[in-house]
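Have a look at the structure below before the remarks.
Both counts, for ligands and for their atoms, begin at 1 and track the order of listing.
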Amino acid sequence: MPPDHAAVDAARILEVVQRYWGYDTLRPLQHEAINAGVQQRDSLVVMPTGGGKSICYQVPPVLAERCDVVVSPLVSLMKDQVDALRACGYPAVAIHSGLTPQERSDAEQTAVSGGCRLVLVAPERLLGSSFLRVLSQIRVGAFAIDEAHCISHWGHDFRPEYRQLADLKRRFPSASLHAFTATATQRVRADIVAQLRLRDPLVLVGRFDRPNLVFRVVPRDDGYVQTLEVVRRHPGQAGIVYCISRRETEAMAEYLLSAGIRAEHYHAGMEAEPRRRTQERFSDESIDVVVATVAFGMGIDRGDVRYVLHTAMPKSVEHYQQECGRAGRDGLEAECVLLYSGADSIRWERLLGPASDGAAAAEVRQTALALLAQMRRFASSIECRHGALSHYFGQTYEHASCGACDVCLGELNGVEDATVTAQKILSCVARVQERFGARHVVDVLLGENTERVRQLGHNKLSTFGLLRGQPQKALGATVHQLVDLGLLDRTTDEYPILKLNAQSWEVLRGQRGVRIVKRGASGVRRGTLDVESWEGVDRGLFDALRGLRRELAAQRGVPPFVIFNDATLRELARRRPTAPAGMSKVRGVGEQKLADFAEPFLACIRAYCQAQQLSTDVEPPAKHRQRAAHAAPPPPPRALSPAKKQALEMFARGRSVADVAQSVQRATSTVNEYLCEFIVSQPGFDTAPWVSPADFQRVCAAINTLGPTPLTPLHEHLNGEVSYETLKIVRAALTARIGPPDKRRPI
Ligand code: ADP
Ligand code: ZN
């Protein structure tokens with residue numbers, strides 16, 4: 001490397017990437033992130049799980065011919081990562097508590113001998129005297145901090161041992177620091193920059209949308225049966241089932257086991273040893289399903305998790321996104337199913353405990369409730385799920401239809417006569433004088449002749465038995481949907497009570513129609529990526545290759561994904577090469593792996609194809625040749641409506657919302673949305689025509705204090721003095737300022 005650390009072009013980078021990993025394209029931001037490493041400019045790289053962060057710190061030391069240090073939080077991950085790197089022929093060592101003194105001294109020796117490009121180390125070892133000696137000898141040029149959000153107590157995974165990293169900059173002033181995380185919140189990002197004392201960092205933020213995930217929200221009626229149904233949809237594939245309580249994980253794992261599924265439970269109440277065993281058995285493919293609480297997370301290194309199922313709603317969209325992120329890290333299609341019942345919120349509210357004294361406690365509770373409400377809105381909405389998630393994290397989503405969620409796949413149907421049903425429910429709430437919960441209201445509507453109903457005289461109400469014959473669960477779900485739609489209120493006390501609100505009266509008076517959805521009878525449909533990624537793949541051969549991979553992994557004492565990932569196996573089963581030259585064209589086959597594994601894999605392919613009389617050395621269709629496995633082809637952009645086009649032009653001239661609304665004959669709320677889109681698309685455009693500078697400052701300050709937050713808590717934080725419209729505009733301006741998602745952005 002020349003001393004001025006000139007930037008390197010993509011071709012040079014691809015040479016390295018091709019040699020070790022066998023990939024022929026870079027993913028978004030990898031080029032920029034790698035250059036920051038090469039040029040030793042501090043950086044913060046935010047990419048979703050599976051986005052390809054590791055390569056960003058693995059490539060620079062090769063190009064710059066130096067040895068870098070990676071700080072990584074989990075011993076199990078480090079070990080697997082080093083195994084995976086070595087399988088690619090990449091020289092790396094890990095130094096952690098799991099090594100014997102001899103192994104450790106060997107590892108240190110390798111590091112100082114200069115025969116190594118990367119040293120992985122646990123944070124608590126980093127500044128110990130023995131590792132400092134090693135560091136002084138290798139004259140480290142760059143430190144990469146993996147899972148950097150662990151340094152922030154605003155993050156979901158704060159680790160006290162990460163705090164020592166704050167000292168790195170002082171001790172190694174000439175080394176650059178590179179922080180990597182998948183966390184989406186602005187507050188955590190700012191905290192990482194501050195804690196690590198990054199100097200003028202290059203901040204790269206990727207797109208949070210994961211096009212290969214298919215999202216489904218399914219009303220829960222029988223959680224066990226529904227879970228089994230999803231699991232059976234993925235025979236022999238890896239999946240994670242999340243439950244809220246430890247007890248539930250055990251019961252569900254037992255149920256799945258009794259149905260012949262290779263499942264085990266996992267939660268933080270287990271001893272360390274059985275917990276480690278379960279994780280290991282999942283990683284080496286001895287089991288297919290882990291039924292877990294949220295405790296099962298960061299240590300999962302299996303990239304081929306084909307589905308994540310939530311048996312109940314998680315407590316925030318952040319949690320949901322994080323947990324779903326564990327599916328499909330190999331870029332192949334994967335399914336995320338949320339079994340949802342409106343009662344889930346009530347359960348979380350109970351877990352939060354009653355409103356307690358003290359301003360601080362009240363604020364925490366309030367924030368938690370706001371997050372919960374957002375999650376509920378996500379679960380009950382009938383918008384594209386990819387769009388909803390992108391918007392939640394402050395990113396735009398340009399596609400009209402994602403082709404990868406229950407809404408866009410047309411799996412949801414409107415319920416007939418929804419307005420009439422809603423009216424019956426609401427009038428029953430009125431008849432019981434807004435003093436009862438959902439359960440009782442449902443009983444009355446179904447005409448249940450229980451003692452309680454009789455005691456209260458509710459069997460005499462005109463609404464008694466008005467919806468007789470409906471399935472109880474479905475009716476309960478409908479009541480909750482009305483709450484989610486804001487057409488009915490529910491108190492958040494220990495015994496939640498249904499209350500009518502202004503919208504309820506509009507429905508009752510017939511001034512407002514109601515749309516309620518349920519899942520259509522047609523069941524699930526296959527997403528576009530699912531269809532495409534199997535195109536031309538011989539499933540039998542794929543399974544045979546998977547078996548071979550497992551065998552080879554067991555022989556070598558490494559997890560199977562270290563050999564090849566599923567994307568590579570599918571491509572092998574599609575191209576069916578019979579000679580090393582053909583095999584080297586397959587994405588994921590680098591030089592070392594070709595040398596080590598060509599023989600057994602080619603033998604397996606030849607034998608299988610001969611027995612099945614399958615053609616070999618197939619040239620796949622173009623789309624499977626060049627596309628990065630990660631990115632689904634974007635659906636065509638939606639055309640602008642004439643009204644919207646005119647509105648945007650008027651905004652460019654600084655016209656007010658009222659003016660524009662009048663000219664284009666659209667509701668103010670719609671025009672406000674146009675305005676926000678306009679602002680997002682015009683970074684740096686002055687918002688003064690629509691927001692006073694004083695308000696702008698105030699909202700920015702509040703966002704800085706609260707971090708990324710839904711609008712409601714923000715509105716409340718400002719004592720309701722700033723309108724929602726203004727909040728949206730400021731948020732749009734900040735999003736624009738931060739830059740289009742795939743570009744550099746100041747924090
Ligand atoms: P992250 O750490 O961001 O969750 P990883 O670094 O583990 O993600 O990468 C996820 C998967 O994507 C890995 O299997 C990795 O080898 C693969 N990958 C990374 N970069 C590329 C690329 N440019 N082309 C194809 N696959 C890639
Ligand atoms: Zn969609």
Check your understanding: Taking the six-membered ring of Phe564, is NZ or CZ of Arg549 closer than 6.0 Å to its centre and within 45° of its axis?
Key -> no
Out of Tyr57, Tyr23, Phe564, Phe180, the nearest non-hydrogen contact to atom 16 (O) of ligand 1 is supplied by Tyr23
With rounding to 10 degrees, Cys405 SG, the Zn ion (ligand 2) and Cys408 SG define an angle of 100°
Between Pro48 and Arg210 the two heavy atoms that sit nearest each other are CB-CD, 3.9 Å
Decide, yes or no, whether a salt bridge links Arg302 with Asp288 under the criterion of side-chain N to carboxylate O below 4.0 Å.
no
Test your reading of the model: is there a side-chain donor-acceptor pair from Gln226 to the backbone of Leu339, 3.5 Å cut-off?
no
So is Ile55 touching ligand 1 or not, going by heavy atoms under 4.0 Å? yes
Looking at Gln18, Gln30, Arg326, Lys53, the heavy atom closest to atom 3 (O) of ligand 1 belongs to Lys53
Stepwise, does the side chain to side chain donor-acceptor pair (under 3.5 Å) test hold for Arg326 with Tyr242?
CA-CA 12 Å; Arg326 293 173 185 135; Tyr242 280 110; 3.0 Å; yes
At the 4.0 Å heavy-atom cut-off, does Met47 count as touching ligand 1?
no
Under 4.0 angstrom from ligand 1, any heavy atom of Gly303?
no
Numbered in order shown, the ligand 1 atoms found under 4.0 Å of a heavy atom of Thr49 are 4 (O)
One finds that the ligand 1 atoms under 4.0 Å from a non-hydrogen atom of Leu26 are 23 (N)
Any heavy atom of Asn565 under 4.0 Å from ligand 1? The part involved is side chain
Practice item. Flag the pair Asp68 and Arg66 as a salt bridge only when some basic side-chain nitrogen lies within less than 4.0 angstrom of an acidic carboxylate oxygen. Key: yes
Test of proximity, Thr25 against ligand 1: N or O pairs below 3.5 Å: yes
Near Ser54 (heavy-atom distance under 4.0 Å), the atoms of ligand 1 are 2 (O), 5 (P), 6 (O), 7 (O)
A student checking ligand 1 against Arg329 at a 4.0 Å heavy-atom cut-off should list atoms 4 (O), 7 (O), 10 (C), 11 (C)
query: Is Lys53 salt-bridged to Asp146, cutoff N-O under 4.0 Å?
result: no
Rounded to 10°, the SG/Cys384 to the Zn ion (ligand 2) to SG/Cys402 angle comes out at 110°
**Asked** With distance as the sole test, does Tyr90 use its side chain to make a donor-acceptor pair with the main-chain N or O of Gln58 at under 3.5 Å?
**Response** yes
Taking the basic N atoms (NZ, or NE/NH1/NH2) and the acidic carboxylate oxygens, is any pair closer than 4.0 Å for Arg159 and Glu147?
no
Contact check: Trp21 vs ligand 1, nitrogen or oxygen atoms, below 3.5 angstrom = no
